[in-house]
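Notes to accompany the following structure.
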2 protein chains.
Amino acid sequence: MDQNKIPQATAKRLPLYYRFLNNLNQQGKKRVSSKELSEAVKVDSATIRRDFSYFGALGKKGYGYNVEYLLGFFRSTLDQHEVTEVALIGVGNLGTAFLHYNFMKNNNIRITTAFDADTEKVGTDIGGVPVYDIHHLEEKLDDIKVAILTVPAVEAQVITDKLVEKGISGILNFTPARISVPKHIRVHHIDLAVELQALVYFLKHYSLDKPE
Amino acid sequence: MDQNKIPQATAKRLPLYYRFLNNLNQQGKKRVSSKELSEAVKVDSATIRRDFSYFGALGKKGYGYNVEYLLGFFRSTLDQHEVTEVALIGVGNLGTAFLHYNFMKNNNIRITTAFDADTEKVGTDIGGVPVYDIHHLEEKLDDIKVAILTVPAVEAQVITDKLVEKGISGILNFTPARISVPKHIRVHHIDLAVELQALVYFLKHYSLDKPE
DNA sequence: ACTGAATTGTGAAAAATATCACGACTTATT
DNA sequence: AATAAGTCGTGATATTTTTCACAATTCAGT
Ligand SMILES: NC(=O)c1ccc[n+]([C@@H]2O[C@H](COP(=O)([O-])OP(=O)(O)OC[C@H]3O[C@@H](n4cnc5c(N)ncnc54)[C@H](O)[C@@H]3O)[C@@H](O)[C@H]2O)c1
Ligand SMILES: NC(=O)c1ccc[n+]([C@@H]2O[C@H](COP(=O)([O-])OP(=O)(O)OC[C@H]3O[C@@H](n4cnc5c(N)ncnc54)[C@H](O)[C@@H]3O)[C@@H](O)[C@H]2O)c1
């Protein structure tokens with residue numbers, strides 16, 4: 001939209017910076033250097049300065065960054081002033097864990113609606129979130145733009161198609177299935193089994209190398 | 001160790017390839033082209049061919065790849081012939097979900113041991129995995145080299161230090177804390193709140209751009 | 001055997017990301 | 001006021017990753 005020039009790698013680090021700035025602010029810290037931040041978030045200090053620089057000159061030479069100012073800046077950049085509502089599809093092991101988690105703590109994101117096919121689960125409240133029947137997706141999804149997908153892999157594509165039809169913009173997909181969507185819709189995959197296996201692979205083949 | 005030349009980006013995709021090859025094999029498919037694979041895993045076909053090429057010439061020009069051969073090759077490359085034992089620390093919402101999940105299905109990885117501080121949980125079996133008291137980490141960790149960390153963020157560093165002392169090689173860290181470890185130890189972070197927030201950020205600022 | 005369609009493996013180019021290194025500026029101290 | 005220590009912002013460079021594009025090869029059909 002507005003800042004199409006910001007590299008994706010940078011954009012992915014912004015929420016991380018935001019969280020640590022929040023911590024610092026709560027600890028009453030007034031200023032912070034890229035070096036300090038670097039040690040906290042394990043990102044090279046030059047990378048941090050470069051990342052920040054895409055948004056202009058946010059710091060002061062010889063001084064560092066003013067925590068409060070930087071935090072305020074990122075709050076608006078990350079749209080932390082408004083709550084983003086998210087739907088969760090598939091209230092199983094993983095889905096239930098997410099429903100119990102409070103994403104509001106650091107991020108203004110709230111899972112407001114959940115769906116499942118299991119009649120045992122439909123009608124219940126989990127972590128304060130109502131669970132609706134997946135067949136009522138049409139009516140209950142409202143204008144929610146982001147969905148978390150934690151259904152069995154075989155169901156992933158069918159449900160995705162429904163979400164797309166209903167006008168979803170982004171999907172956080174935890175199933176191992178690589179879902180197909182029209183290209184204006186954004187899908188991020190978090191594939192836990194792959195992550196675990198990749199870690200094991202790195203251990204066996206890259207020992208003593210620098211960590212990621 | 002042996003193949004230090006393989007790019008990290010490639011290494012991270014290997015488990016994904018492996019899983020899809022497994023699917024194809026189970027479906028009785030005998031051959032596959034990089035183009036087909038590309039559509040299934042959503043990775044550019046040239047990238048797939050390049051990835052495979054680091055391991056030598058695995059395919060045949062004009063034909064594609066033999067599924068069974070490729071699968072066998074990756075099985076040994078990814079050490080799928082031997083089971084990797086993993087410990088899980090923190091049997092809460094997220095930890096419990098993982099204990100119920102069968103990582104053996106596609107990957108020869110098994111969570112064999114879990115630890116928690118809560119006396120209610122200690123002594124129970126969850127998903128067939130015994131939960132030990134965190135104070136018995138010393139005795140019960142044995143020679144497990146990989147740990148999944150799903151404890152509260154404030155506990156993350158303390159427990160990490162214990163794991164390091166006990167000789168762990170890799171940690172899959174789900175806490176928002178950025179833990180410090182000696183540099184021969186590998187840590188992969190999966191930061192769910194960051195992932196969700198990053199997705200939201202992309203939706204607001206990169207609409208209509210190509211998905212990741 | 002020949003032809004045409006399919007597909008690999010890879011050199012070369014492009015794009016994306018990370019890091020180095022330093023001039024310019026700020027603050028604190030004497 | 002001068003000096004020293006600290007730190008940013010960024011041009012330049014290095015590294016990593018992706019993509020293009022095509023010669024070489026294989027296969028299937030005639
Ligand atoms: N649990 C883990 O640790 C883990 C790890 C890696 C990957 N995953 C993946 O995450 C996904 C969820 O895993 P899980 O362990 O929570 O599975 P689960 O079986 O516990 O939960 C799946 C839920 O989806 C519901 N469901 C089934 N069909 C549905 C439909 N058509 N519409 C709506 N809901 C439907 C089920 O009723 C169930 O509640 C799976 O794809 C799994 O492969 C899970
Ligand atoms: N649940 C989610 O959806 C979610 C999302 C994002 C991040 N996280 C992060 O994942 C981690 C786990 O989340 P959760 O929701 O499962 O939390 P949880 O509170 O449900 O579970 C934490 C578990 O760790 C145990 N524990 C506490 N101190 C311990 C210690 N010293 N040694 C061993 N065990 C100890 C607790 O008894 C509890 O069982 C947290 O750091 C959280 O921030 C969770």
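Quick caveat, the model's predicted, so the values are computed rather than measured. Residue numbering restarts at 1 for every chain, and letters A, B, ... go by the order of the sequence lines.
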Return the polar atom pairs (N/O with N/O) between nucleotides 26-30 of chain C and the protein under 3.5 Å, or none.
from	atom 1	to	atom 2	distance (Å)
C/dT26	O4'	A/Lys61	O	2.6

Collect all protein-nucleotide pairs involving nucleotides 10-13 of chain C in which both atoms are nitrogen or oxygen and the distance is under 3.5 Å.
from	atom 1	to	atom 2	distance (Å)
C/dG11	N7	B/Arg50	NH2	3.4
C/dG11	O6	B/Arg50	NH2	2.5
C/dA12	N6	B/Arg50	NH2	2.9

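B/Leu58 has its CG atom 14 Å from the C1' atom of C/dT7, to the nearest Å. To the nearest angstrom, P of C/dT19 lies 16 Å from CZ of A/Phe52. A straight line from CZ of B/Arg13 to P of D/dT17 spans 8 Å, rounded to a whole angstrom. One atom, NZ of A/Lys42, and another, C1' of C/dA18, lie 18 Å apart when rounded to the nearest Å. In this entry the distance linking NZ of A/Lys12 with C1' of C/dT17 reads 12 Å, nearest Å. Separating the CG atom of A/Asn66 from the P atom of D/dT7 is a distance of 15 Å, rounded to the nearest angstrom. In this structure, B/Lys35 atom NZ and C/dA6 atom P are separated by 9 Å, rounded to whole Å. Rounded to whole Å, the distance from CG on A/Leu37 to P on D/dT7 is 12 Å.
The phosphate of D/dC8 (OP1 or OP2) has a side-chain N or O of A/Ser34 nearer than 4.0 angstrom. For C/dG9, the OP1/OP2 oxygens have a side-chain nitrogen or oxygen of B/Tyr65 closer than 4.0 Å. Of the side-chain N and O atoms in B/Tyr54, none sit less than 4.0 angstrom from OP1 or OP2 of D/dT17.
Residue pairs meeting the side chain to side chain donor-acceptor pair (under 3.5 Å) criterion with at least one member in residues 63-76 of chain A, sequence neighbours excluded: A/Tyr18-A/Arg75.
In this structure A/Lys29 satisfies the salt bridge (Lys or Arg N to Asp or Glu O under 4.0 Å) test together with A/Glu36, sequence neighbours excluded. Under the rule for a side-chain contact (heavy atoms from CB on, under 4.5 Å), the partners of A/Lys166 that lie at least two apart in sequence or sit in another chain are A/Glu138, A/Leu141. For B/Phe174, the ring-ring contact (aromatic ring centres under 6.0 Å, His included) test picks out B/Phe98, with sequence neighbours left out.
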Given the rule in the ring pair (Phe, Tyr, Trp, His ring centres under 6.0 Å) test, do B/Tyr101 and B/Phe103 qualify, once you have shown the distances and angles that lead to the verdict?
-> CA-CA 6 Å; B/Tyr101 190 73; B/Phe103 288 97; 4.9 Å; yes
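Of the residues A/Val43, A/Leu24, A/Leu16, the one that meets the side chain to side chain contact (heavy atoms under 4.5 Å, CB included) test with A/Leu37 is A/Leu24.
You'll find the ring centres of B/His135 and B/Phe115 outside the 6.0 Å limit.
A tilted orientation is assigned to the rings of B/Phe74 and B/Tyr17, their planes being inclined by 30° to 60°.
Counting only heavy atoms from C-beta outward, the side chains of B/Ile126 and B/Thr96 approach each other to under 4.5 Å.
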